[in-house]
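The figures that follow rest on heavy atoms only: side chains count, while hydrogens, waters and symmetry mates do not.
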Amino acid sequence: MRSLPAYLDEYRRLSEAARRDHPVLTGLAYGPHPAETLDYFPGTRTSTGASTGTDTGTATGARTGRPPLLVFVHGGNWQALGRAESAFPAPPLLTAGAAVAVVEYGLAPDVGLDTMAGMVRRSVDWLLQNADRLGFAPDRLHLCGTSAGAHLAAMALLPDPLDGPDVSGRIAGAVLLSGIYDLEPVRLSYVNEALHLDEAAALRNSPLHLLPARLAEVVVARGGNETEEYVRQHERMVAALRPRAAVTEVVADRRNHFDLPYDLGVGSSRLGSAVLAQMGLGGSTT
């Protein structure tokens with residue numbers, strides 16, 4: 001496996017190429033905090049896939065011809081990265097017919113986890129409110145996160161949030177990559193030097209323990225080369241989700257924690273095929 005700095009350099013380089021090679025609206029403010037910004041890549045072709053997920057009362061993507069939207073929430077241990085380094089998954093998704101939004105949020109230690117989770121919810125709410133202007137199907141919004149971003153995406157699936165609007169019933173599907181879903185081990189680790197979690201904060205930010213009875217369909221994926229704790233958390237989340245949602249589990253044998261997101265939208269990969277199937281853009285969940 002390559003070094004972390006090598007991956008971060010590649011993220012930035014590939015993200016710069018994505019913004020250079022595809023139409024994009026950059027730095028759209030979705031909330032009052034300076035970090036509450038996103039980049040939006042319009043869909044590159046009209047989607048004809050069937051609508052999935054919750055009916056918001058608007059015309060479905062199938063009737064309007066609007067593409068689905070994948071909202072990408074970056075990782076970085078809740079302390080690093082932003083939209084500048086996080087547009088790299090966009091090109092294959094755009095080619096497949098999706099629109100893509102890349103979300104930035106505030107980071108620790110300046111911003112706490114309750115607030116971060118609220119920011120991600122706010123980004124989803126803002127995108128849905130602006131779906132007509134942006135040109136995607138509001139009933140086909142799919143939320144995806146990797147690592148710390150998978151945790152924050154999972155938090156957005158929970159009803160009755162502490163911070164931010166409740167968007168849990170308006171997300172058509174979720175994609176969770178190499179996530180941490182029980183934060184008690186994080187509270188007991190060096191990462192908590194920046195997060196400042198006490199026992200109560202760790203529990204209320206642990207989606208594994210707070211899942212509602214029913215959820216939209218979920219792809220849960222990890223690389224074949226992950227640490228023992230990420231494997232454990234993945235397995236526990238899959239087990240908790242199965243009674244509540246249609247779950248597609250992916251273990252990408254040749255991927256690791258840092259390069260797994262490269263498969264998003266790549267139909268020849270098992271992860272990419274599952275994501276495209278969830279979005280109604282072909283692909284397969286098998």
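- Under the 4.5 Å side-chain heavy-atom criterion for ILVMFWY residues, a single connected hydrophobic cluster contains both Val120 and Val111.
- With no hydrogens or angles considered, no side-chain donor-acceptor pair links Glu104 and His74 at under 3.5 Å.
- For Ser3 (side chain) and Ala6 (main-chain N/O), a donor-acceptor pair under 3.5 Å exists by modelled atom type.
- When side chains are defined from C-beta on, Val218 counts as touching Leu176, because their heavy atoms get closer than 4.5 Å.
- By the 6.0 Å contact criterion, CZ on Arg254 is open, its count of non-hydrogen atoms from other residues, nucleotides or ligands being 12 or less.
- A 4.5 Å side-chain heavy-atom check between Arg83 and Thr37 finds at least one atom pair inside the cut-off.
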Taking it one step at a time, do His142 and Val175 satisfy side-chain contact (heavy atoms from CB on, under 4.5 Å)? CA-CA 8 Å; His142 299 256; Val175 180; 5.6 Å; no
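- Ala87 approaches Ser15 most closely through the heavy-atom pair N-OG, 2.9 Å.
- A donor-acceptor distance shorter than 3.5 angstrom exists from the side chain of Tyr181 to the backbone of Gly179, with no hydrogens or angles considered.
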From CA spacing to verdict: side-chain contact (heavy atoms from CB on, under 4.5 Å), Leu69, Leu127: CA-CA 9 Å; Leu69 173 67; Leu127 284 161; 4.1 Å; yes
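- In this structure the side chain of Leu25 never reaches within 4.5 angstrom of the side chain of Asp39, judged on heavy atoms.
- There is a path of hydrophobic side-chain contacts, each under 4.5 Å, that joins Val247 to Ile171.
- Here the straight-line distance linking atom CE of Met116 with atom CG of Asp163 works out to 11.5 Å at 0.5 Å rounding.
- A distance of 14.5 Å separates CZ of Arg222 from OG of Ser147, quoted to the nearest 0.5 Å.
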Can His151 and Trp78 be said to form a side-chain contact (heavy atoms from CB on, under 4.5 Å), step by step? CA-CA 10 Å; His151 162 261; Trp78 303 279; 3.3 Å; yes
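- A salt bridge links Arg13 and Glu10; the closest N-O separation between the charged side-chain nitrogens and carboxylate oxygens is under 4.0 Å.
- At distances below 3.5 Å, not a single donor-acceptor pair connects side-chain atoms of Ser273 with backbone N or O atoms of Ser269.
- A salt bridge links Asp182 with Arg236: at least one charged nitrogen is closer than 4.0 Å to a carboxylate oxygen.
- Counting heavy atoms of neighbouring residues, nucleotides and ligands inside a 6.0 Å radius, atom CD of Glu229 exceeds 12 of them.
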Would Tyr230 and His257 count as a ring pair (Phe, Tyr, Trp, His ring centres under 6.0 Å) if you check the C-alpha gap in whole Å, the side-chain angles of each, and the deciding distance to 0.1 Å? CA-CA 9 Å; Tyr230 278 106; His257 188 80; 4.2 Å; yes
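- To the nearest 0.5 angstrom, Thr248 atom OG1 is 8.0 Å from Arg270 atom CZ.
- No side-chain donor from either of Tyr30 and Gln129 sits under 3.5 Å from a side-chain acceptor of the other.
- The closest side-chain heavy-atom distance from Arg66 to Pro138 is below 4.5 Å.
- Val266 and Val219 fall into different hydrophobic clusters, defined by Ile, Leu, Val, Met, Phe, Trp and Tyr side-chain heavy atoms under 4.5 Å apart, directly or through other members.
- Distance CG/Leu264 to CG/Leu276: 9.0 Å, rounded to 0.5 Å.
- Judged by distance alone, the side chain of Asn130 and the main-chain N or O of Leu134 form no donor-acceptor pair under 3.5 Å.
- Although no hydrogens or angles enter the test, the distance criterion places no donor-acceptor pair under 3.5 Å between the side chain of Asp263 and the main chain of Leu271.
- Residues Val167 and Leu162 do not share a hydrophobic cluster, clusters being chains of Ile/Leu/Val/Met/Phe/Trp/Tyr side chains in contact below 4.5 Å.
- Gly97 approaches Pro68 most closely through the heavy-atom pair O-CD, 3.9 Å.
- Tested against Leu197, the residues Val191, Leu183, Leu188 include a single side-chain contact (heavy atoms from CB on, under 4.5 Å) partner, Leu183.
- Proximity of a side-chain donor or acceptor of Ser206 to a complementary backbone N or O of Ala202 within less than 3.5 Å is detected.
- Between Gln233 and Pro185 the shortest side-chain heavy-atom distance falls below 4.5 Å.
- In terms of heavy-atom proximity, His234 sits nearest to Val251 at NE2-CG2, 4.4 Å.
- Look at Asp114 and Arg204 and you find a salt bridge, because one of the NZ, NE, NH1 or NH2 atoms lies within 4.0 Å of a carboxylate O, short of that distance.
- The closest side-chain donor-acceptor pair between Thr26 and Arg19, if any, does not fall under 3.5 angstrom.
- Met155 approaches Arg121 most closely through the heavy-atom pair O-NH2, 3.4 Å.
- Grouping the Ile, Leu, Val, Met, Phe, Trp and Tyr side chains by contacts below 4.5 angstrom, directly or via other members, places Val73 with Leu107.
- Asp166 has its side chain within reach of Pro161: a pair of non-hydrogen atoms, C-beta onward, lies under 4.5 Å apart.
- Every residue was checked against the salt bridge (charged side-chain N to carboxylate O under 4.0 Å, His left out) condition with Asp9, not counting sequence neighbours, and none meets it.
- One distance of note links CG of Asp259 with CZ of Phe88; it measures 9.5 Å at 0.5 Å rounding.
- In terms of heavy atoms, Val102 sits closest to Ser86 at CG1-O, 3.4 Å.
- Cation-pi geometry between Arg2 and Tyr7 is met: the NZ or CZ atom falls under 6.0 Å from the ring centre, inside 45° of the normal.
- In this model, a donor atom of one side chain and an acceptor atom of the other lie less than 3.5 Å apart for Glu226 and Ser178.
- Nearest heavy atoms, Asn77 versus Ala148: N-CB, 3.9 Å.
- For Ser123 (side chain) and Val103 (main-chain N/O), no donor-acceptor pair under 3.5 Å exists by modelled atom type.
- Distance CG/Leu38 to CG/Leu28: 5.0 Å, rounded to 0.5 Å.
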Steps toward side-chain contact (heavy atoms from CB on, under 4.5 Å) verdict (Leu8, Glu85): CA-CA 7 Å; Leu8 299 185; Glu85 305 90 355; over 6 Å; no
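- Judged by distance alone, with hydrogens and angles left aside, the side-chain atoms of Glu36 form a donor-acceptor pair with the main-chain N or O of His33 at under 3.5 Å.
- Counting only distance, with no hydrogens or angles, the side chain of Asn192 and the backbone of Arg187 share a donor-acceptor pair below 3.5 Å.
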